[in-house]
Amino acid sequence: MEQINSLPIERQRELLLQKCPTYLETKKAVEKNEFHLPPLLNAKHGKVVTRFPPEPNGYPHIGHAKAAVIDEEYAKMYAGKLILRFDDTNPLNEKLEYYDAIMEGLSWLNIVPDIIKNTSDDIHLLHFYGKKLINKGNAYICLCDQNTIHHLRSKGLPCQCRIDSDKVLENSDKIFNGYYHQNEAIIRFKGNMNSDNTAMRDPTLFRIIENTHPLLGDKIILWPTYDFAAPIEDSLDGVTHAFRTKEYELRNELYQQILKNLEMRIPEVLEFSRLEFEGLPVSKRKLKPLIEEKKVEGWSDPRLPTLMGMKRRGFTPEAIRRFVLSLGITLSETKPSIGVLEAFNRKIIDSISKRLLFVNDPVKITIKNVKQKEVVFKNHPSIEMGSRKIYVNNVVFISSQDAEKLKNGMEIRLIELYNIKVSYIDIEKKEGIVEYRDNILKENIPKIQWVSEEDLVKYMILKPTKLFIGDRFNHNSLEVIEGFAESFVTTLSTNTMVQFIRLGFCRIEDNKSAIFTHK
RNA sequence: GCUCCGAUGGUGUAGUCCGGUUAAGCAUUUCGCCCUCUCAAGGCGACGAUCCCGGGUUCAAAUCCCGGUCGGAGCACCA
């Protein structure tokens, strides 16, 4: 062994090849553009159950998409089941419209859960397990006020309620019978008040919230916290692998302890980092003011990282899925650039996007000595997507950016039309005169897009850019590009993806406008 | 403050558990070339990482050990 090990690596390899020729060939080639999640521990084919547990307290965003895709992908990978569970245990935050919004978001992502349920469906069960925990001496009723609790928790000291918890048992009945009101009493887990893990310092399991719940109305006032509901529900629902974002990491001990005390099955819990794009926060705290102050149009504004916004921007669910999978389930906290998502999206929409002509800030070009012409324009350069006819008399419009580069005597080609020679151009007046040259394809002359005076509509492209620069809202985050498009755009329905030649991919919004997706 | 977690090219990651098939794979970005009546897509190629730093163990360390640094998270009657 010593001898072999001390040989140079090349020699070791030679010897290895002689003795065991297959050993060095086991590495599989990585398929391009295909990303997979790593295998799961303790996962049996057909037996994996995952769950996506959003709280219906807002519109779903890219962060939800990441969690949902991971949950679904693992369920699929092991031919298991995916549960969608609305984690609706705080009537202060939840609204009916958000349940629907989340459902819509998922269906847009093509994620179809096998089971759909609400944590609130199991409220009586949750109460039952709460009582059980108290009876076993693993939880107690605490009557202290919040400041006291906070104070003692930070010092690692128990309160009198805890100390007396074995003697004072009647409070338990009282809290379940509705004797107490909001802020008067809570149920706490009997953890370890001086644990290093602060999540174990007797966290709250139930509290009283006298608000109307979107599903249960006013019937219930004693609501479990996430810390209690999540492990119980996961265990009861048969979840084998529970994924959550990494800020819950320290709660793992609690999660397991609760189930252990109750002698319930403990699922595998795994964490992944939150997903947020650079310059595009996901938090309601940052987004809501934008909407309230009308800086953006609403939750479906194409600048927003909400699923509705991203859909409107022209991102495809398939691109989002690939993107999420390419991220993996790492714990490292990073903010990927949206450019990666765009790259995935581009590859998907390229093959379904018709190529159209649009010019912004149009300059009127009169063409001398030319006859009326009809061009047949292919809808896609390499894929059979039909074609359309465009009539051209002797006036076309080109964009002023292109016009600026023109000089007298210069020869250019109007894409798919013919070559012209510039005889006069005035950017200020937005006009120019050119001569017809010929219709021979030449390699070294500029090719620019145009629209025919005979066949145009006024059109607008909304171009989203960075929402925030640093910490500040970018007031120029929605650029408006106005110009002319060929009238063919008006025949396309909302949501159609197109590519305006030399401009970029856009999603058709209506007869008058489109939203710029990306280059 | 205390506790936990992370750190691989410009960016996102694979590999780290079980040290040697790889001085590092993939994707993206940027740049070339080919293709193309688009500044798109496709094809080919290039640039780019002494794997946070310092020390140790070992014939051999991105991978193991110790000590730092930087970044993030938790410490709610939110989830």
Side-chain angles (χ1 to χ4, degrees), chain A residues 1-9 12-13 16-17 23-27 29-35 38 53-55 57 87-90 92-94 142 145-146 149-150 153-154 156 182-188 195-201 203-209 223 225-227 229-230 244-253 271 273-274 278 322-323 326-328 330-337 339-344 346-347 349-351 353 355 357 378 380-383 413-417 419 441-443 445 447-449 499-505 518-519:
Chain A
M1 197 66 187
E2 274 287 297
Q3 278 177 12
I4 291 179
N5 275 342
S6 60
L7 290 169
I9 191 78
Q12 288 186 35
R13 189 181 301 181
L16 191 59
L17 275 170
Y23 183 75
L24 292 173
E25 291 161 19
T26 51
K27 198 185 173 189
V30 185
E31 286 170 65
K32 278 189 180 179
N33 283 322
E34 283 289 333
F35 295 94
E55 183 188 20
N57 68 342
D87 228 340
D88 51 354
T89 57
N90 187 349
L92 247 26
N93 298 153
E94 293 132 16
C142 182
D145 64 274
Q146 273 181 69
I149 292 173
H150 179 77
R153 185 132 54 198
S154 67
Q182 203 156 323
N183 296 322
E184 288 178 358
I186 56 171
I187 300 178
R188 290 228 257 165
S195 168
D196 274 346
N197 183 353
T198 45
M200 292 306 286
R201 324 248 259 228
T204 306
L205 263 25
F206 286 87
R207 75 291 205 213
I208 295 159
I209 301 172
W223 289 98
T225 57
Y226 168 85
D227 281 330
R244 24 148 68 152
T245 44
K246 71 172 222 155
E247 64 264 27
Y248 295 112
E249 252 180 319
L250 295 181
R251 314 294 245 291
N252 280 182
E253 193 183 346
E271 285 86 26
S273 58
R274 291 189 89 105
E278 210 184 338
R322 285 188 203 171
F323 171 71
S326 82
L327 255 31
T330 65
L331 254 15
S332 65
E333 62 292 312
T334 41
K335 290 182 184 175
S337 118
V340 182
L341 210 211
E342 290 176 359
F344 282 114
R346 191 176 294 124
K347 281 162 196 167
I349 61 178
D350 183 76
S351 61
S353 301
R355 311 295 142 127
L357 297 166
K378 282 171 77 182
H380 195 285
S382 51
I383 297 168
R413 180 167 180 83
L414 300 170
I415 287 177
E416 295 280 0
L417 227 201
N419 305 326
L441 251 185
K442 296 166 189 166
E443 275 186 21
I445 61 171
K447 297 179 186 88
I448 62 171
Q449 80 273 27
Q499 187 204 43
F500 287 112
I501 287 185
R502 300 212 307 147
L503 216 116
F505 293 98
H518 47 65
K519 273 232 158 208

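Just so you know, these numbers come straight off a predicted model, no measurement behind them. Numbers restart at 1 for each chain; the letters A, B, ... are given by sequence-line order, proteins then strands.
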Nearest-angstrom distance, [atom1] atom, [N] to [M]:
N	M	atom1	result
B:U30	B:C35	P	22 Å
B:C2	B:C17	P	31 Å
B:G45	B:C51	C1'	25 Å
B:C70	B:C65	P	23 Å
B:G74	B:U58	P	43 Å
B:G20	B:A60	C1'	6 Å
B:U36	B:C44	C1'	15 Å
B:C4	B:U50	C1'	31 Å

OP1, OP2 of [N] versus side-chain N and O of [X]: anything below 4.0 Å?
X	N	result
A:Thr334	B:U13	yes
A:His150	B:A76	yes
A:Arg346	B:U29	yes

When rounded to the nearest 0.5 angstrom, what is the spacing between [atom1] in [X] and [atom2] in [Y]?
X	Y	atom1	atom2	result
A:Ile501	A:Lys447	CD1	NZ	12.0 Å
A:Phe500	A:Ser353	CZ	OG	10.5 Å
A:Asp88	A:Trp223	CG	CH2	6.5 Å
A:Ser351	A:Arg346	OG	CZ	13.5 Å
A:Ile208	A:Gln182	CD1	CD	8.0 Å

Check every atom of [options] against the side chain of [X] and return the nucleotide holding the closest atom.
X	options	result
A:Glu247	B:A73, B:A7, B:C78	B:A73
A:Thr204	B:G12, B:U3, B:A76	B:A76
A:Tyr226	B:A79, B:A40, B:C4	B:A79
A:Pro381	B:C77, B:G74, B:U38	B:U38
A:Thr89	B:A7, B:C78, B:A79	B:A79
A:Asp350	B:A41, B:C78, B:U38	B:A41
A:Thr225	B:C78, B:C37, B:C75	B:C78
A:Leu327	B:A40, B:G12, B:C75	B:G12
A:Arg207	B:G6, B:A79, B:U29	B:A79
A:Gln146	B:A79, B:U13, B:C77	B:C77

Is [X] touching bases, backbone alone, or none of the nucleic acid, heavy atoms closer than 4.0 Å?
X	result
A:Phe323	nothing
A:Arg355	base
A:Asp87	sugar-phosphate
A:Glu55	sugar-phosphate
A:Arg153	sugar-phosphate
A:Ala199	nothing
A:Ser273	nothing
A:Arg413	base
A:Thr330	sugar-phosphate
A:Glu416	base

Pair partner, [N] [Watson-Crick or wobble, under 3.5 Å]:
N	answer
B:C77	none
B:A62	none
B:A14	none
B:A7	B:U69
B:U36	none
B:U21	none
B:A46	B:U30

Distance, rounded to the nearest Å, where [X] contributes [atom1] and [N] contributes [atom2]:
X	N	atom1	atom2	answer
A:Met200	B:U3	CE	P	17 Å
A:Glu333	B:C52	CD	C1'	14 Å
A:Phe35	B:U13	CZ	C1'	8 Å
A:Asp88	B:C78	CG	C1'	14 Å
A:Leu205	B:A79	CG	P	12 Å
A:Glu342	B:A41	CD	P	11 Å
A:Arg274	B:A73	CZ	P	9 Å
A:Ile501	B:U36	CD1	P	16 Å

5'-most by nearest nucleotide on RNA chain B - A:His380 or A:Ile415: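 By nearest-heavy-atom nucleotide position, the 5'-most residue is A:Ile415.
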Reading RNA chain B from 5' onward, which residue's closest nucleotide shows up sooner: A:Asp196 or A:Phe505?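 Result of the comparison: A:Asp196.
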Between A:Glu333 and A:Lys246 (salt bridge meaning N to carboxylate O under 4.0 Å), is one present in this structure? yes
Looking at B:A79, does its base get a donor-acceptor pair with the side chain of A:Tyr248 below 3.5 Å? yes
If you go through the side-chain atoms of A:Gln499, does one of them form a donor-acceptor pair with the base of B:U38 closer than 3.5 Å?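 Side chain to base: pair present.
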Surrounding NZ of A:Lys442 (heavy atoms of other residues, nucleotides or ligands, distance under 6.0 Å), is the total greater than 12? yes
Any side-chain heavy atom of A:Ile448 sitting closer than 4.5 Å to one from A:Leu414? yes
N/O donor-acceptor pair under 3.5 Å between A:His518 side chain and A:Gly339 backbone: no
Does A:Glu94 reach the main-chain N or O of A:Thr89 with its side chain, forming a donor-acceptor pair under 3.5 Å?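 Answer holds: yes.
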